[in-house]
Amino acid sequence: MKVVILAGGFGTRISEEAKFRPKPMLEIGGMPILWHIMKIYSAQGFNEFVVCAGYKQHIIKEWFADYFLHTSDVTFDYTAGNNEMIVHNKHIEPWMVTIVDTGLYTETGGRVKRIKDYIGNERFMLTYGDGVGDIDVAALLEFHEQHGRIGTMSMYNFGQNKGIVEAGKDGVVTAFREKSNLDGDLINIGFMVFQPEIFEYIEGDGTIFEKETLAELVAKRELAGCVHKGYWQCMDTLREKRQIEKLWDSGKAPWKIWES
């Protein structure tokens, strides 16, 4: 089964770094966050990827074209008047990666529509190129198969980050208590699964996947949500990037479910 990754946006909320390269190529521990996301899937047996590129898409293509250089020791031998490159200690992932230029200004739904020919009439997974988590993909797929609808999305409760004040209808404060995860709202964190019928719900480049496609699925009761109770974090801001980096540098990154 193929994994589709949305990686074409401008990354305006983290523009301090994303103005030089696509947000999915911002590095955590010396490797793009896109690589971390792919490793999450690959560690669970999913190795075919379709990357929906757009903004500075050539950088993504060039990084994968030089993957040997990023992960191996290399000797450049000019002694015989030739330009010979010898690659040592090769380490390469068992991946098949298709990078598609889905347009500079295309909306998220339009990007998904543009990779239809690379998916065919098959079920596929879809996620965003800026969030990591210890997602149990097998459990997600099992949930999707059980409910039999067109789509499944992973949901996550960030909880409440402040203490709670409880008050009655008359406004009288009745209690103070500590925050609880039950106080938060569930959000869509990506890590989705779709049947090929999803393409019928996308008109074209201007379709916003979250506001239009998913909303239509909801109206027709064709979207189910699977609650993820482990770790998840997106990288929308520089502060969030630093939080993810700190976890990685500590050696305790929860999303690192693969062997070194």
Side-chain angles (χ1 to χ4, degrees), residues 1-9 11 21-74 85-102 108 111-141 144 152 154 189-194 196 198 231-235 244 248 253-260:
M1 186 186 306
K2 294 182 177 68
V3 179
V4 177
I5 304 176
L6 291 166
R21 49 187 164 170
K23 183 164 68 165
M25 298 306 292
L26 298 184
E27 294 182 355
I28 302 296
M31 299 296 275
I33 194 169
L34 177 62
W35 177 88
H36 289 261
I37 295 165
M38 294 167 73
K39 290 285 283 186
I40 293 167
Y41 283 102
S42 183
Q44 300 178 71
F46 300 93
N47 295 305
E48 286 192 66
F49 300 94
V50 179
V51 179
C52 300
Y55 174 66
K56 295 187 181 294
Q57 50 88 27
H58 65 283
I59 293 177
I60 301 177
K61 292 176 179 176
E62 289 169 1
W63 191 88
F64 281 99
D66 291 337
Y67 193 76
F68 266 129
L69 301 180
H70 297 298
T71 58
S72 307
D73 298 330
V74 182
M85 184 178 75
I86 305 168
V87 180
H88 311 278
N89 302 320
K90 295 180 183 179
H91 176 74
I92 196 73
E93 308 293 344
W95 295 347
M96 178 178 290
V97 186
T98 301
I99 302 166
V100 183
D101 182 2
T102 56
T108 47
R111 295 191 191 282
V112 175
K113 185 82 167 185
R114 286 202 185 196
I115 54 90
K116 179 181 178 181
D117 289 345
Y118 297 98
I119 300 299
N121 192 34
E122 298 179 4
R123 182 175 62 186
F124 66 98
M125 290 181 281
L126 173 68
T127 196
Y128 300 104
D130 62 356
V132 289
D134 54 348
I135 309 297
D136 186 337
V137 178
L140 179 64
L141 286 172
H144 178 77
T152 295
S154 294
I189 61 171
F191 295 95
M192 298 172 273
V193 186
F194 292 103
I198 189 65
Y231 171 85
W232 175 82
Q233 180 63 59
C234 65
M235 193 181 69
I244 296 171
W248 181 264
W255 69 91
K256 187 181 180 298
I257 58 175
W258 60 90
E259 296 295 327
S260 299

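A 4.5 Å side-chain heavy-atom check between L34 and M25 finds at least one atom pair inside the cut-off. Residues L126 and F194 have side chains in contact (heavy-atom distance under 4.5 Å, counting atoms from C-beta outward). Contact check for V100 versus Y118: side-chain heavy atoms found under the 4.5 Å cut-off. In this structure, I189 and Y128 have side chains that are not in contact, with every pair of non-hydrogen atoms separated by 4.5 Å or more. Contact check for V4 versus C52: side-chain heavy atoms found under the 4.5 Å cut-off. By the 4.5 Å heavy-atom criterion applied to side chains, F191 and W232 are counted as neighbours. Side-chain contact between K2 and E122: present, with at least one pair of heavy atoms (C-beta onward) separated by less than 4.5 Å. With a 4.5 Å cut-off on side-chain heavy atoms, I59 and P22 count as touching.
Take K116 and apply the side-chain hydrogen bond (donor to acceptor under 3.5 Å, both in side chains) test, not counting sequence neighbours, and it matches no residue.
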Trace of the side-chain contact (heavy atoms from CB on, under 4.5 Å) decision for I115 with T102:
CA-CA 8 Å; I115 54 90; T102 56; 4.1 Å; yes
Could you please spell out the steps behind the side chain to side chain donor-acceptor pair (under 3.5 Å) verdict for S42 and W95?
CA-CA 8 Å; S42 183; W95 295 347; 3.0 Å; yes
Could you please spell out the steps behind the side-chain contact (heavy atoms from CB on, under 4.5 Å) verdict for L6 and V51?
CA-CA 6 Å; L6 291 166; V51 179; over 6 Å; no
Kindly determine whether F124 and V3 satisfy side-chain contact (heavy atoms from CB on, under 4.5 Å), including the steps that lead there.
CA-CA 6 Å; F124 66 98; V3 179; over 6 Å; no
In sequence, state the C-alpha distance, the side-chain angles, and the governing distance for R21 and L26, and then conclude on side-chain contact (heavy atoms from CB on, under 4.5 Å).
CA-CA 7 Å; R21 49 187 164 170; L26 298 184; 3.6 Å; yes
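The aromatic rings of W248 and W35 sit perpendicular to each other, their planes meeting at more than 60°, with 30° as the lower class boundary. Between Y67 and W63, the ring planes lie perpendicular to each other; the angle is over 60°, past the 30° to 60° tilted range.
Partner of H36 under the side-chain contact (heavy atoms from CB on, under 4.5 Å) criterion, chosen from M31, K256, E27, M235: M31.
Listed here is the closest heavy atom pair of I99 and A53: CG2-CB, 4.0 Å. The two residues L140 and S154 have their closest heavy-atom pair at CD1-OG, 3.6 Å.
No donor-acceptor pair under 3.5 Å is formed between the side chain of K39 and the backbone N or O of Y41. For the pair R123 (side chain) and M1 (backbone), a donor-acceptor distance under 3.5 Å is absent. Remark: side-chain polar atoms of Q44 are paired, donor with acceptor, to backbone N or O of I135 under 3.5 angstrom. For D66 (side chain) and L69 (main-chain N/O), no donor-acceptor pair under 3.5 Å exists by modelled atom type. A donor-acceptor pair under 3.5 Å is absent between the side-chain atoms of D130 and the main chain of C234, judged by distance alone.
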